[in-house]
Amino acid sequence: MSLLITNIGELTTQDAERRVLTDAAVVVEDGRFAWIGAAADAPAADEHHDAGSRAGLPGWVDSHTHLLFAGDRSAEFEARMAGEAYAAGGISVTMEATRAADDYELTRLLLGRVAEAAAGGTTYLETKTGYGLSVEEECRHARIASSVVDQVTYLGAHLVPPGAVADEYTELVCTEMLDAVRPYAQFADVFCERGAFDEDQSRRVLTACRDAGLGLRVHGNQLGPGPGVRLAVEFGAASVDHVNYLEPADVELLAGTWSGWDAASATGTPGVVATCLPACDLSTRQPLAPGRELLDAGVEIALASNCNPGTSYTTSMAYCVGTAVLQMGLTVPEAVRAATYGGALALGVQDTVGSIEVGKRADLQLLNAPSAAHLAYRPGMPLTQAVFRAGERVDGRG
């Protein structure tokens with residue numbers, strides 16, 4: 001069965017040439033893009049969808065989320081807006097609520113958030129554990145998440161739970177807990193930050209998870225300068241996320257990891273992606289990550305929602321794109337690329353999703369707008385009109 005989506009007013013492909021086509025069409029067969037070009041030249045297909053001159057672009061690839069949780073932390077948010085500083089300890093509040101929820105409730109909550117993300121154009125999702133913080137709970141959460149999202153990241157090293165000794169808990173993260181979660185996860189992460197895990201503890205976690213065959217990423221440089229970027233580069237992590245406080249040496253280190261990557265052709269060996277989380281930056285009142293500086297230095301960046309109950313309770317990638325343009329100094333094409341192809345790079349799936357190219361999974365969103373520029377031109381507006389994942393409608397609008 002084939003599907004022709006035609007009359008696309010502006011098609012942002014994010015392919016190697018970063019083409020933007022006008023009056024375009026795509027053909028989908030077996031869940032993948034089979035043809036891309038001018039609508040006037042489109043071949044016949046079994047089914048037909050008229051885009052109505054709307055803008056089309058790849059589905060968002062959200063490479064950093066914490067979607068599996070229960071409970072509410074709006075009081076913490078209000079206190080922060082009233083002037084209290086953000087601290088990592090609020091994670092323990094969510095830990096208690098999430099531990100108390102049964103499998104049915106956690107699955108229901110997760111499915112609801114995934115559906116919300118899909119309605120906003122997100123077609124590929126990563127999510128992390130990290131609200132269990134015990135062997136049994138981390139394993140349970142990873143198992144539930146693996147049945148719903150595209151990728152699971154093991155984040156037992158999110159916070160030392162109340163009453164635990166930091167070094168003893170770090171050892172648990174590196175041994176019994178890792179063994180339990182390993183069958184359900186593709187990546188591992190560590191919150192390398194004051195109030196969470198120090199450099200030595202983070203190095204132990206990264207070493208153990210690398211030896212277990214998991215890909216690596218790092219929460220780093222969020223609350224101040226620190227070793228997060230250095231560790232990510234040292235271990236060849238797929239990404240370092242947050243990156244609010246970077247020294248010139250950090251930017252230079254990250255740029256050096258991209259020396260084997262040809263950005264013009266999107267070929268070679270990817271370096272460490274710098275994942276910027278602007279919705280979280282606004283909620284925690286941290287300086288926005290220096291996305292402009294990173295791009296100018298030759299570092300590939302990703303934009304992600306960081307959806308979580310404490311510091312970024314949104315699944316809206318469009319909001320992140322608009323913020324990146326209006327406040328981080330990115331152009332619209334750069335921000336869209338970071339939220340699609342950049343996220344795919346951060347997850348190691350750039351050959352499958354993140355751009356509109358023949359052979360890739362047919363993930364596409366249509367906007368109620370003539371161009372992608374409206375994502376920043378009309379910030380906060382629900383512009384996503386239709387969403388296709390592997391060629392199937394997933395936005396619930398029929």
Side-chain angles (χ1 to χ4, degrees), residues 64-71 73 88-111 113 125-193 195-220 228 231 235 237-238 241 306-310:
H64 183 130
T65 80
H66 304 258
L67 294 175
L68 192 77
F69 65 86
R73 283 162 64 186
I91 293 164
S92 62
V93 176
T94 300
M95 177 197 73
E96 294 173 1
T98 308
R99 285 181 175 183
D102 62 20
D103 286 11
Y104 175 84
E105 180 66 5
L106 285 182
T107 303
R108 184 187 69 81
L109 291 169
L110 178 58
L111 286 168
R113 292 169 190 138
L125 270 167
E126 176 268 8
T127 202
K128 306 176 194 304
T129 68
Y131 294 131
L133 306 186
S134 71
V135 173
E136 179 182 3
E137 287 296 307
E138 284 292 297
C139 182
R140 182 170 77 102
H141 299 176
R143 172 177 52 79
I144 291 170
S146 69
S147 69
V148 177
V149 301
D150 297 285
Q151 286 194 18
V152 175
T153 297
Y154 167 47
L155 187 55
H158 200 186
L159 188 76
V160 177
V165 177
D167 284 340
E168 292 177 359
Y169 179 73
T170 301
E171 181 65 17
L172 183 67
V173 168
C174 295
T175 54
E176 186 180 353
M177 188 182 291
L178 172 59
D179 292 341
V181 173
R182 178 64 188 90
Y184 306 105
Q186 292 75 45
F187 281 90
D189 200 343
V190 59
F191 192 8
C192 180
E193 196 64 70
F197 293 82
D198 65 22
E199 181 172 357
D200 289 341
Q201 292 159 350
S202 297
R203 180 174 279 106
R204 288 168 61 192
V205 171
L206 292 169
T207 298
C209 292
R210 178 193 61 193
D211 292 348
L214 292 174
L216 303 178
R217 56 187 77 257
V218 177
H219 277 58
L231 284 173
F235 281 86
D241 302 23
N306 191 28
C307 182
N308 75 83

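Count residues from 1 along the sequence.
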Checklist line | Nearest heavy-atom neighbours spanning Gly195 and Leu159 | finding: O-CD1, 3.4 Å

Notebook entry, point to check: Does the Glu126 side chain pair with the main chain of Gln151, one donor and one acceptor, at a distance under 3.5 Å?
Noted result: no

Margin query: Just to verify, what does Arg113 make a salt bridge (charged side-chain N to carboxylate O under 4.0 Å, His left out) with, not counting sequence neighbours?
Written below: none

Notebook entry, point to check: For the atom pair OG1 (Thr153) and CG (Asp189), what is the distance rounded to the nearest 0.5 Å?
Noted result: 6.5 Å

Notebook entry, point to check: How about Leu178 and Leu214: do any of their side-chain heavy atoms sit closer than 4.5 Å?
Noted result: yes

Note to self: Measuring from atom CZ of Arg143 to atom OG1 of Thr107, what distance do you get when rounded to the nearest 0.5 angstrom?
What the structure shows: 7.5 Å

Notebook entry, point to check: Can we say Glu105 and Arg108 salt-bridge, meaning some charged N sits less than 4.0 Å from an Asp/Glu carboxylate O?
Noted result: yes

Checklist line | Heavy-atom neighbours of Glu176 CD exceed 12 at 6.0 Å | finding: no

Checklist line | Shortest non-hydrogen contact from Leu110 toward Ala145 | finding: CD2-CA, 3.9 Å

Notebook entry, point to check: Which atom pair, heavy atoms only, marks the closest approach of Leu155 to Leu133?
Noted result: O-CD2, 4.3 Å

Next item on the list: With rounding to the nearest 0.5 Å, note down the distance linking NE2 in His66 to OG1 in Thr129.
Entry: 9.5 Å

Notebook entry, point to check: Once you round to the nearest 0.5 Å, how far does CG of Leu106 lie from CG of Leu67?
Noted result: 12.0 Å

Margin query: Checking Glu137 now: which residues fulfil salt bridge (charged side-chain N to carboxylate O under 4.0 Å, His left out) with it, not counting sequence neighbours?
Written below: Arg140

Next item on the list: Return the set of residues passing salt bridge (charged side-chain N to carboxylate O under 4.0 Å, His left out) with Glu171 (not counting sequence neighbours), or none when no residue passes.
Entry: Arg204

Item checked: Smallest separation among heavy atoms of Ala237 and Arg217, with atom names -> CB-CA, 4.0 Å

Check: Quick one: does Tyr154's side chain have a donor or acceptor within less than 3.5 Å of a partner on Val173's backbone?
Finding: yes

Table please: side-chain donor-acceptor pairs of residues 160-169 below 3.5 Å, with sequence neighbours left out.
{"residue": "Asp167", "atom": "OD1", "partner": "Gln201", "partner atom": "NE2", "Å": "3.0"}
{"residue": "Tyr169", "atom": "OH", "partner": "Gly156", "partner atom": "O", "Å": "2.7"}

Item checked: For Met177 against Ser134, the heavy-atom pair lying closest together -> CE-C, 3.6 Å

Notebook entry, point to check: Do the side chains of His219 and Val190 get nearer than 4.5 Å, heavy atoms only?
Noted result: no

Sequence neighbours left out, cut at 3.5 Å: what donor-acceptor pairs do the side chains of residues 179-188 make with other protein atoms?
{"residue": "Arg182", "atom": "NE", "partner": "Ala212", "partner atom": "O", "Å": "2.9"}
{"residue": "Arg182", "atom": "NH1", "partner": "Ala185", "partner atom": "O", "Å": "3.1"}
{"residue": "Gln186", "atom": "OE1", "partner": "Val152", "partner atom": "N", "Å": "2.7"}

Next item on the list: Start with the C-alpha distance between His158 and His141, add both sets of side-chain angles, then the distance that settles ring pair (Phe, Tyr, Trp, His ring centres under 6.0 Å), and finish with yes or no.
Entry: CA-CA 14 Å; His158 200 186; His141 299 176; over 10 Å; no

Notebook entry, point to check: So how far is it from Tyr104 OH to Leu109 CG, rounded to the nearest 0.5 Å?
Noted result: 10.0 Å

Note to self: Quick one, Ile91 and Phe191 - any side-chain contact, counting heavy atoms below 4.5 Å?
What the structure shows: yes

Notebook entry, point to check: Are side-chain heavy atoms of Leu231 and Cys192 found at a separation under 4.5 Å?
Noted result: yes

Margin query: Could you check whether any side-chain N or O of Thr65 sits under 3.5 Å from a backbone N or O of Asn306, counting only pairs where one atom can act as donor and the other as acceptor?
Written below: no

Next item on the list: Return the set of residues passing salt bridge (charged side-chain N to carboxylate O under 4.0 Å, His left out) with Glu136 (not counting sequence neighbours), or none when no residue passes.
Entry: none

Note to self: Please give me the minimum heavy-atom distance between Leu68 and Thr127, naming the atom from each residue.
What the structure shows: N-OG1, 4.1 Å

